[in-house]
Amino acid sequence: MKNILIASLATFFTLTAFAQEKPNKNAKQTISVKGNCEMCKKRIEKAAFSVKGVRSAVWSSDTQKLELLVNETKTDSKKVQKAIAEIGHDTEAYKAEQKHYDALHGCCKYPRD
């Protein structure tokens, strides 16, 4: 009886350990970010890299997408999007404040919804 109890507890704890979802240290994420040119690209990527946990950030003016590689134990896409909105670029989750948008260079101003 004692052996059955020990085996049952061992099985329970083993299954519980495997059932927990662990944050991914190299999670790929794609988010929409508004912009126009190479100056936008540099600004958007710099803002993304300012967030601790971002390992890679590449923005394309053609697709208006930012490809991220992040450590999910340190950050998430909402923090990255907030940092980008604070420099004047609209994202999926955050719209930049008008004063930040107005501070963009003329060629960087994109049509806003």
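Given the structure is predicted, the values throughout are model-derived calculations rather than measurements.
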When D90 is tested against each of K34, Q64, R112, Q81 for side-chain hydrogen bond (donor to acceptor under 3.5 Å, both in side chains), which residue passes? R112

Got a second to check how far C37's SG is from H105's NE2, nearest 0.5 Å? 8.0 Å

side-chain contact (heavy atoms from CB on, under 4.5 Å) between K79 and K74, worked out: CA-CA 10 Å; K79 290 178 185 173; K74 296 182 179 179; over 6 Å; no

Using 30° and 60° as the class limits, which term best fits the ring planes of Y110 and H89: parallel, tilted or perpendicular? parallel

Once you round to the nearest 0.5 Å, how far does OG of S56 lie from CD of Q29? 11.5 Å

Where is the tightest heavy-atom contact between S50 and A47, given as atom of each residue plus distance? OG-O, 2.5 Å

C108 vs R43, side-chain contact (heavy atoms from CB on, under 4.5 Å): CA-CA, chis, key distance, verdict: CA-CA 10 Å; C108 297; R43 188 180 313 105; 3.4 Å; yes

Apply side chain to side chain contact (heavy atoms under 4.5 Å, CB included) to T30 and list each qualifying residue two or more places apart in sequence or on a separate chain. K65, E67

Any side-chain heavy atom of I87 sitting closer than 4.5 Å to one from H100? no

Shortest non-hydrogen pair, D102 vs K109, comes out as O-NZ, 3.2 Å

Could you give me the CA-CA distance, side-chain angles and deciding distance for N71 and R55, then say whether side-chain contact (heavy atoms from CB on, under 4.5 Å) is met? CA-CA 7 Å; N71 180 338; R55 295 179 178 224; 3.4 Å; yes

Give the minimum heavy-atom separation between C107 and M39, together with the two atoms involved. SG-CE, 3.5 Å

Within 6.0 angstrom of E38 CD, more than 12 heavy atoms from elsewhere: no

Going by chain and number, the hydrophobic cluster around V80 (ILVMFWY, side chain to side chain under 4.5 Å) further includes I31, V33, I44, F49, V51, V54, W59, L66, L68, V70, I84

What pair of heavy atoms forms the shortest contact from A96 to G88, and how long is it? CB-C, 3.5 Å

